[in-house]
Amino acid sequence: MKFKNEIVVVTGATRGIGKAIAMAFAKQDAEVILIGRSQDALKALSDEIRASGQASDFFACDVANGENVQKTVNIILDKYKRIDILINNAGITRDNLLLRMSESDWDDVINTNLKGVFNFTKAVSRPMLKAKKGKIISIASIIGITGNAGQANYAASKAGIIGFTKSVARELASRGITANAIAPGYIETEMTGQLNEELKDKILKTIPLGRLGTVEDIANISLFLASKEADYITGQTIVVDGGMAI
């Protein structure tokens, strides 16, 4: 299998896109380390992966807490000696129009979505530099490219990931480490499942392929970017939106 014995860390791993990515790497024989806030949800997913015969471990961690992140990465390194692939997926929304958006709603989204990417990327960079290899993949969003009314905080955090990824790619390239971002469009998750039919129909009319994306669409791109076939790709943002932003 492509990722046999590779150590893959996935943040925000317990549901939606993160869960699909974790499961995809596990099916490719990677040792998947799940990161999230809920110990129970992490254990349930880890048990599910192990029940299928694949390797998995988990650690509860708040990605917005730099000290917590560094401690978690240190524990992983003590146990597994290296981290080969990092998937920065953890993210939240606190939607509201700008004039109604509270400072805490702004801070919560920026801290989880953008600072969380900074914290984990910084923590894994040193061991990757020593190993002279590594793949860093961060989940941005098409909203970080187009913007969206009522999502100024979310758009800013995802646009920040795109710029951050380009800078990290330049800093780490000389040691054979790549950094790329994925910008999903509207994906079928619990979040989009809450949209009413009228809004769904309106969204579908903006997508040339005429459907929402699946979590597997994003997982497949993650597998590619983490593979040897993508060794010469770095600093890029791969848009997976069914043509919505053409």
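Along the sequence shown, residues are numbered consecutively beginning with 1. All heavy atoms count here, side chains included; hydrogens, waters and symmetry mates do not.
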- [ ] Please name the pair of heavy atoms, one in Ser56 and one in Ser46, separated by the smallest distance, quoted to 0.1 Å.
- [x] OG-OG, 3.0 Å
Open item on the list: Is the shortest side-chain heavy-atom distance between Thr165 and Thr237 below 4.5 Å?
Closed with: no
- [ ] Please tell me if the side chains of Glu188 and Arg211 come closer than 4.5 Å, counting only heavy atoms from C-beta onward.
- [x] no
Task: Backbone of Val63 reached by a side-chain donor or acceptor of Asn119 within 3.5 Å - done: yes
- [ ] Evaluate side-chain contact (heavy atoms from CB on, under 4.5 Å) for Met128 paired with Leu172, printing each intermediate quantity in order.
- [x] CA-CA 9 Å; Met128 284 185 175; Leu172 304 183; 5.9 Å; no
Open item on the list: Assess the residue pair Glu48 and Leu45 against the criterion (side-chain contact (heavy atoms from CB on, under 4.5 Å)); give the C-alpha distance rounded to whole Å, side-chain angles, the decisive distance to 0.1 Å, and a yes or no.
Closed with: CA-CA 5 Å; Glu48 182 181 344; Leu45 179 56; 3.9 Å; yes
Open item on the list: With clusters defined by side-chain heavy atoms of hydrophobic residues (ILVMFWY) lying less than 4.5 Å apart, directly or transitively, does Ile136 cluster with Ile83?
Closed with: yes
Task: Rounded distance (nearest 0.5 Å) linking atom CZ of Phe3 with atom NZ of Lys228 - done: 9.5 Å
- [ ] State, yes or no, whether a side-chain contact exists between Asn113 and Ile92 at a heavy-atom distance under 4.5 Å.
- [x] yes
- [ ] Start with the C-alpha distance between Glu31 and Asn5, add both sets of side-chain angles, then the distance that settles side-chain contact (heavy atoms from CB on, under 4.5 Å), and finish with yes or no.
- [x] CA-CA 6 Å; Glu31 180 89 27; Asn5 299 323; over 6 Å; no
Task: Minimal non-hydrogen separation, Thr112 against Gly91, with atom names - done: CG2-CA, 4.1 Å
Task: Same apolar cluster (I L V M F W Y, side chains within < 4.5 Å links), Ile35/Leu114 - done: yes
- [ ] Can you see which heavy atom on Ala20 is nearest to which on Ala219, and at what distance?
- [x] O-CB, 3.7 Å
Task: Euclidean distance, Leu86 CG relative to Thr11 OG1, rounded to 0.5 Å - done: 6.5 Å
TODO: Would you mind reporting whether Tyr154 and Ser141 have side-chain heavy atoms less than 4.5 Å apart?
DONE: yes
Open item on the list: Would the distance check show the side chain of Asn148 and the main-chain N or O of Gln151 forming a donor-acceptor pair, the cut-off being under 3.5 Å?
Closed with: no
TODO: Evaluate the criterion side chain to side chain donor-acceptor pair (under 3.5 Å) for residue pair Thr178 and Thr234; output intermediate values, then yes/no.
DONE: CA-CA 5 Å; Thr178 65; Thr234 196; 4.9 Å; no
Open item on the list: Using the rule salt bridge (Lys or Arg N to Asp or Glu O under 4.0 Å), only one of Lys133, Lys4, Lys2 pairs with Asp84; which is it?
Closed with: Lys133
Open item on the list: Show every salt bridge (Lys or Arg N to Asp or Glu O under 4.0 Å) that has at least one partner inside residues 97-125, sequence neighbours left out.
Closed with: none
Open item on the list: Would you say Val124 ends up clustered with Ile87 if hydrophobic residues are merged whenever their side chains have heavy atoms under 4.5 Å apart, either directly or through other cluster members?
Closed with: no
Open item on the list: Can you give me the closest heavy-atom contact between Asn68 and Cys61, atom names plus distance?
Closed with: OD1-CA, 3.6 Å
TODO: Report yes if the side chains of Thr189 and Val215 come closer than 4.5 Å at any heavy-atom pair, otherwise no.
DONE: yes
Open item on the list: Give me each pair satisfying ring pair (Phe, Tyr, Trp, His ring centres under 6.0 Å) with a member in residues 71-105, each pair once, sequence neighbours excluded.
Closed with: none
TODO: Identify the two heavy atoms, one from Gln39 and one from Ala60, that lie closest to each other, and give their separation to 0.1 Å.
DONE: OE1-CB, 3.2 Å
Task: Arg170, CZ atom: more than 12 neighbouring heavy atoms under 6.0 Å - done: no
Open item on the list: Around atom CZ of Arg82, are there more than 12 heavy atoms from other residues, nucleotides or ligands closer than 6.0 Å?
Closed with: yes
Open item on the list: Would you say NZ of Lys19 has more than 12 non-hydrogen atoms from neighbouring residues, nucleotides or ligands within 6.0 angstrom?
Closed with: no
TODO: Mind checking the CH2-CG spacing from Trp106 to Asn153? Nearest 0.5 Å is all I need.
DONE: 6.5 Å
Open item on the list: Quick check against the 3.5 Å criterion: does Arg94 have a side-chain atom that pairs as donor or acceptor with the backbone of Val109?
Closed with: no
Task: Value rounded to 0.5 Å, distance of OG1 in Thr72 from CZ in Phe59 - done: 7.5 Å
- [ ] Might you point out which heavy atoms bring Thr121 and Asn88 nearest each other, and give the distance in Å?
- [x] OG1-ND2, 3.0 Å
- [ ] Find out if a path of hydrophobic residues (ILVMFWY) with successive side-chain heavy-atom gaps under 4.5 Å connects Ile238 to Phe164.
- [x] no
Open item on the list: Surrounding NZ of Lys202 (heavy atoms of other residues, nucleotides or ligands, distance under 6.0 Å), is the total greater than 12?
Closed with: no
TODO: Start with the C-alpha distance between Asp201 and Lys205, add both sets of side-chain angles, then the distance that settles salt bridge (charged side-chain N to carboxylate O under 4.0 Å, His left out), and finish with yes or no.
DONE: CA-CA 6 Å; Asp201 288 342; Lys205 288 177 182 176; over 6 Å; no
Open item on the list: Hydrophobic cluster membership, with links at side-chain heavy-atom distances under 4.5 Å among I/L/V/M/F/W/Y: are Leu212 and Ile143 in one?
Closed with: yes
TODO: Check whether any side-chain heavy atom of Arg175 sits under 4.5 Å from a side-chain heavy atom of Leu129, and report yes or no.
DONE: yes
Task: Approximate separation, where rounding is to 0.5 Å, of Ile142 CD1 and Lys158 NZ - done: 12.5 Å
Task: Side-chain (Asn220) to main-chain (Asp217) donor-acceptor, under 3.5 angstrom - done: no
Task: Any side-chain heavy-atom pair of Tyr186 and Thr206 under 4.5 Å - done: no
TODO: Compute whether any side-chain donor of one residue and acceptor of the other, for Gln70 and Asn74, lie under 3.5 angstrom apart.
DONE: yes
- [ ] Would you check if Ile21 and Ile139 make a side-chain contact, meaning some heavy-atom pair closer than 4.5 Å?
- [x] yes
Task: Steps toward side-chain contact (heavy atoms from CB on, under 4.5 Å) verdict (Ile7, Ile33) - done: CA-CA 7 Å; Ile7 307 301; Ile33 299 172; 3.6 Å; yes
- [ ] Any chance you could measure Ile218, atom CD1, to Ile17, atom CD1, to the nearest 0.5 Å?
- [x] 5.0 Å
